There are 2 protein chains.
Amino acid sequence: MRSYGQICGIAKALEVIGDRWTLLLIRELLTRGPCRYTDLRNGLPGIATNLLAQRLRELERAGVIRSEEALPPATGILYRLTERGQALEPIAKAIGDWGIPLLNDVADDDVFQTHWLLLPLRSDLQDTAPERGPVEIQLDAEDEPIVVEAVDGTVNAYIGRAQDPALVLHGSGRTITRLLFGRITLAEARRRGLRIDGDPGQLERFRLKLDAVA
Amino acid sequence: MRSYGQICGIAKALEVIGDRWTLLLIRELLTRGPCRYTDLRNGLPGIATNLLAQRLRELERAGVIRSEEALPPATGILYRLTERGQALEPIAKAIGDWGIPLLNDVADDDVFQTHWLLLPLRSDLQDTAPERGPVEIQLDAEDEPIVVEAVDGTVNAYIGRAQDPALVLHGSGRTITRLLFGRITLAEARRRGLRIDGDPGQLERFRLKLDAVA
DNA sequence: CGGCATCCTCTTTGATACTG
DNA sequence: CAGTATCAAAGAGGATGCCG
């Protein structure tokens, strides 16, 4: 990116992470961990392949990511965040939080990938009833399944299947996303095809940490 | 900005604030309060005037800013952040914090404006010796003078002159910025022309809240 | 197949000039 | 003061080709 020419931390930071696609690329590495070129391209639908290559070069030069050969027996190149790159997580979180109200206006051809939910699920949900013991919720949307678990008051989320979920939500990513972030009610979600197996009351244990999400 | 087409809070947010210049425009409104068109252009050296007009239109449509006639006797149009716009401050802070280490590499023709210091001074400094009573420090760099004050353990900063500063720093914005954010030592700053009137020991009362600023 | 580079078109930005 | 108009330059999008 062309320099802003300002002696200002925000301006200097934006010269590194302010380009189109760059923060979404960072999001992929934050949620997925080390990725290959193809993983990144799949997580960034619509990016031109030459542009992805260029962004990777720039970020490596800036010390935000590092590329390395995958350990045998795996093959190919892995891209991973450096420590400096990991330090971008508060930025991703702040931006994602601010974006939650915008999840109302999704276009019909907007795409969804379950792992995009992981960062906000981890940081924005709290368990309001830890005394009721650990709980697992299974989310089944378009692609990979997600487990949301609350243990001792801390919420975690990861890709995978729960052995014994208290609750399974099954529906479109669009509907599940909006339900989880309080954009629609449970009744509305059902009307939009959400299927629920298990105890819906478990859902009320989880609450958004953010106060005024308008 | 062209849509990313992703059902993801980060992506949706970046469609509003991810354009070039946009977050710097927000920075101006956050630090300055309501601004006229010309104030904004002055605080964004290098922006094309048509681009500024376009950004203002987009941000108003997105509900981030609002434009209004200045109250008489003043005249002209004022731009101010809406509540939704004010909610961008955590993003500006996170990005600015991440950018602090980048203040090392300033180009010779980079420009400086004192008010760019205000946001980080307010949020990143702490007073380590509140029991020593209130203190004011005066910063005199290129353009407007700044007062940094610590009262009852909270640090504030604003444009203006202190009546009775315990300490006055006089030097280039580049040098003062880097000194305040721990990029250079006091000795180094002196070598770069920093002049100090008063008790330099008062400077050690202030410490960065950020731990690992590498 | 994974990991790009090239080529071409289209959009966005930059620089400057001009206006009510 | 608060913008619009115009045009050149840079960047993004999309298709395709190349190489281990």
Side-chain angles (χ1 to χ4, degrees), chain A residues 1-6 11 14-25 28-29 32 34-62 65-80 107 109-111, chain B residues 1-6 11 14-25 28-29 32 34-62 65-80 109 111:
Chain A
M1 154 169 306
R2 175 168 180 168
S3 168
Y4 286 110
Q6 301 185 0
L14 288 175
E15 290 173 12
V16 178
I17 59 165
D19 273 310
R20 182 162 167 82
W21 291 108
T22 298
L23 269 169
L24 296 184
L25 199 168
E28 290 300 305
L29 292 170
R32 293 281 211 190
C35 289
R36 356 178 120 255
Y37 191 88
T38 323
D39 300 328
L40 292 171
R41 216 181 27 172
N42 291 339
L44 302 171
I47 196 173
T49 169
N50 58 344
L51 196 52
L52 175 54
Q54 184 183 323
R55 291 288 180 271
L56 288 169
R57 266 196 307 274
E58 293 162 349
L59 288 174
E60 185 155 20
R61 274 207 53 224
I65 66 172
R66 189 172 49 229
S67 69
E68 54 195 35
E69 288 283 331
L71 293 175
T75 170
I77 299 169
L78 280 181
Y79 295 94
R80 74 168 67 229
D109 54 348
D110 280 1
V111 297
Chain B
M1 152 168 310
R2 175 170 180 162
S3 168
Y4 286 111
Q6 301 184 1
L14 288 174
E15 289 174 13
V16 177
I17 60 166
D19 273 309
R20 183 161 166 82
W21 291 108
T22 298
L23 269 169
L24 297 184
L25 198 168
E28 289 301 304
L29 292 170
R32 292 281 210 191
C35 289
R36 347 176 129 257
Y37 191 88
T38 323
D39 300 328
L40 292 170
R41 217 182 25 177
N42 291 338
L44 302 171
I47 195 174
T49 170
N50 58 345
L51 196 50
L52 175 54
Q54 184 183 323
R55 291 286 181 272
L56 289 169
R57 267 195 306 272
E58 294 161 348
L59 287 174
E60 185 155 19
R61 274 207 56 223
I65 67 173
R66 187 172 51 228
S67 69
E68 55 195 34
E69 287 284 330
L71 293 176
T75 171
I77 299 169
L78 282 182
Y79 295 93
R80 74 169 67 229
D109 53 350
V111 299

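All chains are named by letter (A, B, ...) in the order of the sequence lines, taking the proteins before the strands, and each is independently numbered beginning at 1. Please read all numbers here as calculations on a predicted model, not as lab measurements.
Looking at heavy-atom distances under 4.0 Å, A:Ile77 makes contact with sugar-phosphate atoms alone, never a base.
Checked against ring-ring contact (aromatic ring centres under 6.0 Å, His included), B:Tyr37 has no partners two or more places apart in sequence or in another chain. Residues forming a side chain to side chain contact (heavy atoms under 4.5 Å, CB included) with B:Glu28 (at least two apart in sequence, or on another chain): B:Arg32, B:Leu40, B:Leu44, B:His115, B:Trp116. A search for side chain to side chain contact (heavy atoms under 4.5 Å, CB included) contacts involving A:Glu68 returns A:Arg66, A:Leu78, A:Arg80, not counting sequence neighbours. Listed by chain and number, the residues in a side chain to side chain contact (heavy atoms under 4.5 Å, CB included) with A:Arg57 are A:Ala53, A:Gln54 (sequence neighbours excluded). Partners of B:Asn50 by side chain to side chain contact (heavy atoms under 4.5 Å, CB included), not counting sequence neighbours, listed by chain and number: B:Ala48. Under the salt bridge (Lys or Arg N to Asp or Glu O under 4.0 Å) criterion, A:Asp19 pairs with no residue at all, not counting sequence neighbours. Qualifying side-chain hydrogen bond (donor to acceptor under 3.5 Å, both in side chains) partners for A:Ser67, counting only residues two or more places apart in sequence or in other chains: A:Glu60. Residues passing the ring-ring contact (aromatic ring centres under 6.0 Å, His included) test with B:Tyr79, sequence neighbours excluded: none.
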Subject >> Letter per nucleotide, 5' to 3', of nucleotides 7-20 of chain C [B base touched, S only sugar-phosphate touched, - untouched; heavy atoms, 4.0 Å] >> reply: B-----SBBBB---
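Checking side-chain atoms of A:Glu15 against main-chain N and O of A:Tyr4 turns up a donor-acceptor pair under 3.5 Å.
First and last contacts of DNA chain D with chain B, using any nucleotide atom under 4.0 Å from a protein heavy atom and ordered 5' to 3', fall at D:dC1 to D:dG14.
Applying the salt bridge (charged side-chain N to carboxylate O under 4.0 Å, His left out) test to residues at least two apart or on different chains, the pairs with a partner in residues 39-56 of chain B are B:Arg55-B:Glu58.
Atom pair A:Asp39:CG and C:dC4:C1' shows a separation of 15 Å (rounding to whole Å applied).
In this structure, the helix from C:dC1-D:dG20 to C:dG20-D:dC1 shows an angle of 30° between the axis at its start and the axis at its end, each fitted on 5 base pairs and rounded to 10°.
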